[in-house]
Amino acid sequence: MERKVELKVVNLKKYFPVQKSFLERLLSGKIEYVQAVNRISFEVRRGEVFGLVGESGCGKTTTGRLITRLIEPTEGKIIFKGEDVTFIQGERLREFRKYVQIIFQNPYASLNPRMRIGEATAHPLEIHGIATGERKKKMVFEMLEKVGLEPAKKFYDLYPFELSGGQRQRVAIARAMILNPELVVADEPISMIDVSLRAKILELMLMLKEERNLTYVFITHDLAVAKYISDWIGIMYLGEIVEIGRKEQIFSTPYHPYTKALLSAIPVPDPKREKKDIKLKGEVPSSINPPSGCRFHPRCSFAKDKCSNLKPSLKMVDKDHYVACHLY
Amino acid sequence: MASLRVYVIRRVLVAIPMIFILLGIVFFIMRVVGDPVSAILGGHAPQEQIERIKEQLGLNKPILFQFFDYLGQLLRGDLGRSLIWGQRPVISEIWDHFPATLELSICAFLVSILVGIFTGIIAATNFGRFFDHAFRLYGIITYGLFIPWIGIMLQLIFGVYLGVLPIGGRIGTLMEPETITGLYVLDSLLTLNMESFISAIRHLILPSLTLGIYLSGIYTRLTRTHLIEVLNKDFIKSAWARGLPKRTVIFKHALKNAFIPILTMMGLQFALLLVGAVLTEITFSWPGMGTLLFERITYRDFTTVQGIIVFFALIVITVSLLVDVIYAYIDPRIRY
Amino acid sequence: MKNLLTIQDLRVYYYLREGAVRAVDGVSFFMKRGETVGLVGESGSGKSTLGLSILKLVSSPGKIVSGKILFNGNDIAGWNEKKMRLLRGSRISMVFQDPMTSLNPLMRIEEHLVETIRTHQKIPKAEAKKKASLLLNEVGIPPERGGDYPHQFSGGMRQRIGIALAIALNPDLLIADEFTSSLDVIVQFQILNLMKKLKASHQMGLIFISHDISLVSEIADRIALMYAGQIVEFAPADIFFSEPLHPYSEGLLNSVPNIELSDQKLNYIPGMPPDLVRPPDGCRFYPRCPYGEDICRRKEPPLVQIEKEHMVKCFRYDGKKSRT
Amino acid sequence: MKYSISRFIVSNIIKNIFPRKGTEYFVLVGFILVLLIILMAIFAPFIAPYDPIKKVGEILERPSGKFLLGTDGLGRDVLSRIIFGARTAVLVTFLAVSISLSFGVLLGLLSGYTGGKFDTVFSLVMDAMYSFPGLILAIVLAAMLGPGILNTAMAIAVIYTPTYFRMVRGLVLSLKESLFVEAARAIGAKDRTIVFKYIFPNVISSIPIVLSLNAADAVLTLAALSFLGLGLPAPTPDWGFDLRAGHAYLASRIWWPSTFPGLMIVILTLGFSLLGEGLNEILNPELRR
Amino acid sequence: MKKRRWLSFLILSFVFLCLAPGMSFSLQTKPLVLGTTDKITVLDPAKTYDFYTWEVFQNIGEGLLKYKPGTTELIPGIAKSYEVSPDGLEYTFKLREGLKFTDGYPLNAAAVKWSIDRVMKLDLDPSWLVSAFVERVEVVDTYTVKFVLKEPVSFFPALVATTPYTPVSPKSFPEDKVAEPTVGHYGPYRIKKWTRDVQLVLEANPDYYGSPPKSRLFVVKFYKNAATMRLALETGEIDVAWKSLRPIDIRDLKAKGKQKVLEVPGPYIRYIVCRCNKPPFDDVRLRRAIAAAIDRARICQEAYKGTVKPLYSMVPMGMWGHIDAFKQEYGERNLELARKILTEAGYSKDNPFNIEFWYTPTHYGDLEADVAAVIKESLEETGMIKIDLKSAEWATYAAEYLTAGVMPIFLLGWYPDYIDPDDYTSVFLHSEWSPDMGVFYSNPEMDRLLDKARTEIGIEKRTQLYEKIQKLMAEEAPVIPLFQGVLTAATQPNVKGVVLDPVMLLRYYLIYKE
């Protein structure tokens, strides 16, 4: 059964001007841009987890912030439940926020240091006028317990600095979930948490998903984590999506050379495993002046002439499996 | 090198609105609160004479026009003439007094840097121990010292009770060396005039100690914090781990890196040096810019005061520019 | 074969005003020449402090309280600063975590190398320069870039320079503290391969400190797993991964997603690591341990030798040879 | 909301006010010094042995049992003048700091949050004032405004407004970019809510530090203006002015009319700086090393 | 190691060299050094209007007539002699022949005329001393010059001795603007080097007609504060400390006795001005009450440590015509009288007379605030006056408040322009000029007396007139004299020839060291 499309992103683009002072711009005469996200498209279906995977600086975080409308896209479309939300403002945007929430990577910075846990969790309710007084408090208690901050009463009055990273991340989850959103963008939610506690956060997120039929866009640099949590996976490289498909397909039959390299580079906790080698040159180039054609071609061992001139578009190679590469 | 030039030009361009604004502030304050005409005419002038002078000085125009007139005049490099006494050109008043201030400032600056960096290094390398606390306290106390008070105390001790050092003036009677740079110490050295040299140094000791001690605390603190910060950096750990000797690690690696923020602060603190110089000059009857400014303010010599402020603003900006350029020069990470 | 390094009951405390933080508290392990020990632990487990204390570089308010550090049979714990200095960089060297900050930003990389070489070997500058370019070549950096400043290199390149600096004097032991954790997977993979290659060609011992147990598995011969300032299990790598004994080892391995497995069931360890100023009386892992018994709360477990080179700090193996 | 911030600050101060070692005495000593001088100012008429503006003894008497710190050039008791001088110092400092604080913080918040042209112009002006030697501006202003408590306080306030402005604006700018403000936007908070619930509370916790450091500076500036005769009109007891008056007797080896008022300036400044340093350590624990 | 020891030796010896007290170095010519806290304002006779610069002109320049040192007697200067026409309107001067300015230009009748014309034409601060009296100057022959006056002026010779009448060289001075050349004067000294606000170096003018200066080289050092100057005197850096040592320093120096202290009453006076045209001081009773209550002795003792003398008339002591008019009228101080007058005027202890009393802290030296404080105390001692002390910085005080009549009662001081009782009376009391001084006093009887005294030539007649004027002034009390300055100079014991006289101008050329 095909599920309903919850979020659709079409040719989304975000260029950031390189920060310069007014006079510097005047003198240098040209404005340079960081091409953070360059015309990406994908779909996320209701109740599924879409894993967006890429190395640092590939634009995955920007994509997350674009989807949640924290920053304005340069071009393209964001369609949420059939409605174009790309440029909505004001009340409509605030309404949109009830349905789409975000969890940030850094739990140490995403909470107001001067706000107690209870206040922070209750704040979305106040903002949207959902509940006040005792009812609000009750909802907050319930939510805190749900994310495992027990006893809720104790945590209610604490300040963020009195909490550990894992606990803070749970507060962030509670705050995002208290509005009963439909789509949650999770931007590397476990990367700053101790290894032994990561699984707990993942488990919590999966539990909430099942319970509320949530849709996740899960942003991570770790393919293993993505594999664990996602239904779909999109691989990003230098602002572009190079491969997209169902989890099983990506891991069993990766097409793009970059995906292949990523897969073999990931360490596995098994010393007996046969060590593979990857043929990949150099490091990720700057996104201010990205390579022409296929952005991966300077590092690709299969690169042909064509690759440096012509940008490959996403092509279907299998059912639900797309890749942007001239090899296919 | 061409890029460095572009960088300097860019910095200069940024500095222009700064001067403009400062000048504006001072100009308006002085025009709104004071009346330059009475300053020229002294006590009792008939109305028509006041009108005549106003006409002559363009003071009957709206204030904004006056401001633009003044700016135009500045652009031609003309600071105007003093309103009082000889009505000398402001620029020559400034040149008469500036070398004294420069000489004092340089000496005080050297004292403060030497003392400050020395104590800062000791504090940082003894982190958490006695010398650290002691020099931190030194930093705090010196910053709170009131210049005239230190000055007076030094005058009392060395000038009055011990009687070993002069408490005012720049040099002994008729000992002025030939003017080359206007800095007596330098000039007397250049002309090999030992008598003048010693006299000039003797006169310099107390004022530059006063100002130097006051400023040194800031450098103690700065050196300490930045050195501690740098000493905790990985590259210092890495230097230790490579077995480099202590002197190399502290001076070559740590201090040089710590010096970059200190340099920036030096640029910022330069204003403080000028402030300190004003008070020191007045305490020690040092015939410099501070004394001139103070004297002319009491006489309401608007053009001179304005001129001095423009001059100070130019110095402040030049120094910050210089600091930026030096900064860019020593730190390869800066891309112009 | 003689041990390259033997650590015996080492204790390193940080004296803060809240009390002494027992960052390393009674640690013992050993390694042989040319081996790689993977020192694994979560943040705050004391693994970095342990690494630094081998070079006696723990900075104030930290202090080596007691214990022996036998390097090539000499107890360097008692050595003075002067002797240590000669050891550092030449016999034992170190690579740091952050390639962005572990090089002096104001110095050309060639100067870094030359300075290090000439500190320990009295050779003319030109010769040192020649050596430097050979080293650069060896770690995969074009020697002609020796005149560049650190900021002109990418993260991976800088880490290569860090390695070049560390191996410049053919040390016997190299300590690498999380030296790939700020790199992306692919670059990490490349650097790791380089390290393996160099280790073999220089016959160095390597202490590889990391929080990433999967990564360690790629290179280590032995694993030392740290928890709350203590080594809870010390074992040859293959045994550790196939048959972890300590409940913490087990829990940790189960909480790491493995890309090779499908439909993996991830586990986590409940609770949090203890406060190292006032650690629990008994076993430090007891509050989080699923097998905890009363004795664990009261008494510190001994380091039990399971096999000749496999030790575990747990009551469950006290007097037994295998898992019950 | 207000309660919680003050609780945060107060609890942190209380937690740290009884120091255990070294530099942690800073805040305690600073606090005591400042408190003593404020008490001195408040209770001046009860503490001072004589009327500070009346001739009560021979001129320039040496310190003795009758006049603990001697008399000044007009036969007034130096001790009494110092005690009453605390009033001047505390009052002017308080006024100057409050004026600059209210303007600086308000403009800083406004400028930082709204951004745009308004911000550009304001920060240019403030930067210009900030980079210029403050005392020199104050001298010009004080000379133009004439002596008097309010005038002097204003002259001082003008030069410190940019300090607050820059600090608040800088904080606002960085807070505006901070993750928790973005998080607030993500839950749909309005601008006003963000400014008052997320930005402002984080800004004001830094204010006590700057406040006490500025107070230290303001004491010095007041002293400097008074020393130049641009402060308060005589015969108001005023440390800076008395120091200058005392300077004249220097050559006669009469040290007491200058030493003591100057010492008071130093003590009060030191108190404020120590307080500021200490607060800085307590409120920004991440800076503590 | 060796190198380091050598270095530290060098540093140590340098420090010793610098700190060695009283180190003196031989100079080729030991000059006579005079210190002062005054300053040269503008070195141009057409512009300068302050005492100190006038003093300098007495030494680098010379008028047609000059005062005989130590007296107020006028003797010939560059003029050999002069004649007055019977109607008192024409003064003809015969110049000494063959004089040259220091720039080589001949000093003759034409140069004198040029200089006087220049002063009148530039029309600056002191020019009224010429233009108010002189109609025109005529060159009779090369060495004869004639001044034609607008009306007979009894004190014209005294005017001629003032600085605006000092001839300067047309070669060095521009005709149409102020200038400060260091050559182009004619006097006992010529300027060798002048560093503004730092020092003035004078050397003997070889072309001077009279006896050469006693000290060939004379240095004036300008001090910013008196304490430094005093220390310089004590360390022997200066030979003469001239205007103005602080009272405490004078007391000290006298007590120590190592240096000589010379004192004479100077013609510099301080007084209180009442604004006579507006309430409250349009009521003569209130002015009289202040005059009665003021405690001059305390001001002199407490603020000035006895270095100034109480003054009971605007005409200073030592000048002909002076009488203690206020003492005769009120006694030294009469609190009872003051209270009585105040009661008459409707004030009482419960309803005190509230008044703002103004002073300026920036013009009359550091002690001004103390003076104001003492005045406040002495007036409030009546129990019926409440003083609110106000201060303004000099420029505002003198330029704005004074003429605008902002201040009801305030402190002021007076240095004479020329040595004649007229200069101490007309300006304050004549209805034509008193508004300029902030007095706003107008009394036709007073005007009549003043006008008469100005034009009368005989000295006896004038003395009588000035006595009348002083009596009337004491009765009406529009201005209340406080004290008269004392000229003090302290010198090294071997310094001779310091002549202090009421002219207030020190003649450097008479000073020498034994």
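Chain naming here is simple, since letters A, B, ... match the order of the sequence lines and numbering starts at 1 in each.
Of all the listed residues (Gln188(C), Met157(C), Glu42(C)), the one sharing the greatest number of non-hydrogen pairs under 4.5 Å with chain A is Glu42(C). Contact count against chain C (heavy-atom pairs under 4.5 Å) is highest for Lys227(A) among Glu248(A), Lys247(A), Lys227(A). Between chain A and the options Gly156(C), Ala237(C), Gly44(C), the largest number of non-hydrogen pairs under 4.5 Å is found for Gly156(C).
Looking only at side-chain heavy atoms (C-beta outward), Ser255(C) and Val195(A) come within less than 4.5 Å of each other.
Taken to the nearest 0.5 Å, the CD atom of Glu203(A) stands 9.0 Å off from the CG atom of Leu266(C). In this structure, Lys200(A) NZ and Ile269(C) CD1 are separated by 11.0 Å, a value rounded to the nearest 0.5 Å. We find the CG-CD1 distance between Leu263(A) and Ile186(C) to be 9.5 Å, quoted to the nearest 0.5 Å. Rounding to the nearest 0.5 Å gives a distance of 13.5 Å between CD1 of Ile193(A) and OH of Tyr268(C).
Contact annotation for Val256(C): only side-chain heavy atoms (C-beta onward) come within less than 4.5 Å of a heavy atom of chain A. When heavy atoms are compared at a cutoff of 4.5 Å, Ile201(A) does not approach chain C at all. For a residue to count as touching a neighbouring chain, one of its non-hydrogen atoms must lie under 4.5 Å from one of that chain's; by this rule Asn267(C) touches chain A with the backbone only.
Shown here for Val268(A) and Glu218(C), the closest heavy-atom pair between the two residues is N-OE2, 3.2 Å. Of all non-hydrogen atoms in Pro257(C) and Val225(A), the two that sit nearest each other are CG-CG2, 3.8 Å. Nearest heavy-atom pair across Pro267(A) and Asp212(C) is CG-OD2, 4.4 Å.
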